[in-house]
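Encoded as structure tokens, here's the structure I'll be asking about.
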Amino acid sequence: MPEPGPEPEPVGEVRGVPVPERGAWLRRGISRNGGPFVEDRGTEVVWLQAGSYYADSRGFAGTTSFDGSQVRFHHLTGEPGDDTGTLRRDGENLVEWGTNPDGGTFLEIWTPLPGADGVTGSWSGPDHHVVRVGRHVVHVDSRAGTYWRL
């Protein structure tokens with residue numbers, strides 16, 4: 001029996017939750033611009049959060065901020081622009097509704113990765129940013145994002 005899809009995007013004012021202070025997340029799937037939910041198969045999209053710093057294996061990294069309702073992912077390295085979204089908990093998962101830098105909308109479901117205990121940190125330099133959460137590392141530079149499991 002297939003898993004049910006995500007709930008529809010919320011209507012009206014929705015108060016989201018801030019990003020976790022620390023987390024390693026694997027994307028389960030995405031819906032773009034209100035289209036069908038497509039599960040990730042054969043790819044690993046990983047988001048790591050260490051304090052206010054994050055790195056996404058798709059090729060962008062930077063800092064997050066929370067205005068009491070929405071999270072803004074400020075892209076400081078890699079793909080330019082900012083993403084803005086509303087997060088809510090769904091059991092252990094996070095569901096994110098948001099807007100990309102190009103104005104397109106998305107809904108993503110993020111599942112916690114095992115092995116997130118242990119060393120956590122964020123390091124940056126000219127043209128690169130690295131975030132580590134436990135056994136998970138994402139490196140982002142101007143060319144790409146790369147994910148490693150230690």
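Just so it is clear, the values below take in all heavy atoms, side chains as well, and ignore hydrogens, waters and symmetry mates.
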Sole candidate of D82, D83, N33 that passes side chain to side chain contact (heavy atoms under 4.5 Å, CB included) when paired with N100: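 Output: one option passes, namely D83.
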Are there more than 12 heavy atoms of other residues, nucleotides or ligands under 6.0 Å from atom CZ of R32?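 Not buried by this count: 12 neighbours or fewer within 6.0 Å.
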Which word best sums up how the rings of Y147 and H136 line up, parallel for under 30°, tilted for 30 to 60°, or perpendicular for over 60°?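 If you compare the ring of Y147 with that of H136, the planes turn out parallel.
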Would you compute the distance between atom CG of L48 and atom OG1 of T120 and round it to the nearest 0.5 angstrom?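 Answer rounded to 0.5 Å: 9.0 Å.
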ILVMFWY network linking V17 to F66, side-chain heavy atoms under 4.5 angstrom: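 The answer is yes; both residues are in one hydrophobic cluster.
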Decide whether T77 and H128 meet the rule of one side-chain donor and one side-chain acceptor closer than 3.5 Å.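 Checked: T77/H128 side chains show no N/O donor-acceptor pair below 3.5 Å.
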Non-hydrogen side-chain atoms of R149 and E44 separated by less than 4.5 Å: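 Of all side-chain heavy-atom pairs linking E44 with R149, at least one is under 4.5 Å.
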Locate the shortest heavy-atom distance separating P80 from P101; write the atom from each residue and the value.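 Minimum heavy-atom contact is O-CG, 3.9 Å.
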Taking the six-membered ring for Trp, is the centroid-to-centroid distance between Y53 and W123 below 6.0 Å?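 No, the ring centres sit 6.0 Å or more apart.
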So, taking the atom named CD in Q70 and the one named OG1 in T86, what distance separates them when rounded to the nearest 0.5 Å?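 Reported to 0.5 Å precision, the distance equals 4.0 Å.
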Can you confirm whether the side chains of H74 and T64 place a donor and an acceptor under 3.5 Å from each other?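 Not at all, the side chains of H74 and T64 share no donor-acceptor pair under 3.5 Å.
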Taking side chain as C-beta onward, heavy atoms only, is L87 less than 4.5 Å from V19?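 Of all side-chain heavy-atom pairs linking V19 with L87, at least one is under 4.5 Å.
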Could you check whether any side-chain heavy atom of P112 comes within less than 4.5 Å of a side-chain heavy atom of E92, counting everything from C-beta outward?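 Yes - at least one pair of side-chain heavy atoms lies under 4.5 Å apart.
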Determine the minimum heavy-atom distance between G34 and S31, stating which atoms define it.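 In terms of heavy atoms, the two residues are closest at C-OG, 3.9 Å.
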Under-4.0 Å salt bridge between R27 and E96: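 No.
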When you compare the side chain of S124 with that of L76, does any pair of heavy atoms fall below 4.5 Å?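 No; the side chains remain at least 4.5 Å from each other.
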Mind checking whether V130 and V137 have side chains closer than 4.5 Å, heavy atoms only?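 The answer is yes; the side chains approach within 4.5 Å.
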With a 4.5 Å cut-off on side-chain heavy atoms, are Q49 and V131 touching?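 Side-chain contact under 4.5 Å: no.
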Which of parallel (below 30°), tilted (30 to 60°) and perpendicular (above 60°) describes Y54 and F73?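 The arrangement is perpendicular - the two ring planes meet at more than 60°.
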Check ion pair R58-E108 (N to O, under 4.0 angstrom):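 Judged by the 4.0 Å cut-off on N to carboxylate O distance, R58 and E108 do form a salt bridge.
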Verify whether one side chain among R72 and S65 offers a donor that lies under 3.5 Å from an acceptor in the other.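 R72 vs S65: no donor-acceptor pair found between side chains.
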Would a hydrophobic clustering, with Ile, Leu, Val, Met, Phe, Trp and Tyr connected at side-chain separations under 4.5 Å, put F37 with V45?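 F37 does not cluster with V45.
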What are the two closest non-hydrogen atoms of R22 and G118, and how far apart are they?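 The pair with the smallest heavy-atom distance is NH2-O, 2.8 Å.
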Fit a plane to each ring of W110 and W47, take the angle between them on a 0 to 90° scale, and name the class: parallel (under 30°), tilted (30 to 60°) or perpendicular (over 60°).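 Taking W47 first and then W110, their aromatic rings stand perpendicular (interplane angle over 60°).
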Could you measure the distance from the CG atom of D40 to the CG atom of L26? Nearest 0.5 Å is fine.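 CG of L26 is found 7.0 Å from CG of D40.
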Hey, is the main chain of S142 close enough, under 3.5 Å, to the side chain of D127 for a donor-acceptor pair?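 Yes, because the side chain of D127 sits within donor-acceptor range (under 3.5 Å) of the backbone of S142.
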Report yes if the side chains of L107 and I30 come closer than 4.5 Å at any heavy-atom pair, otherwise no.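 A side-chain contact is absent here, since even the closest heavy-atom pair is not under 4.5 Å.
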Could you walk me through whether T111 and R28 pass the side chain to side chain donor-acceptor pair (under 3.5 Å) check? CA-CA 7 Å; T111 301; R28 192 176 105 201; 5.6 Å; no
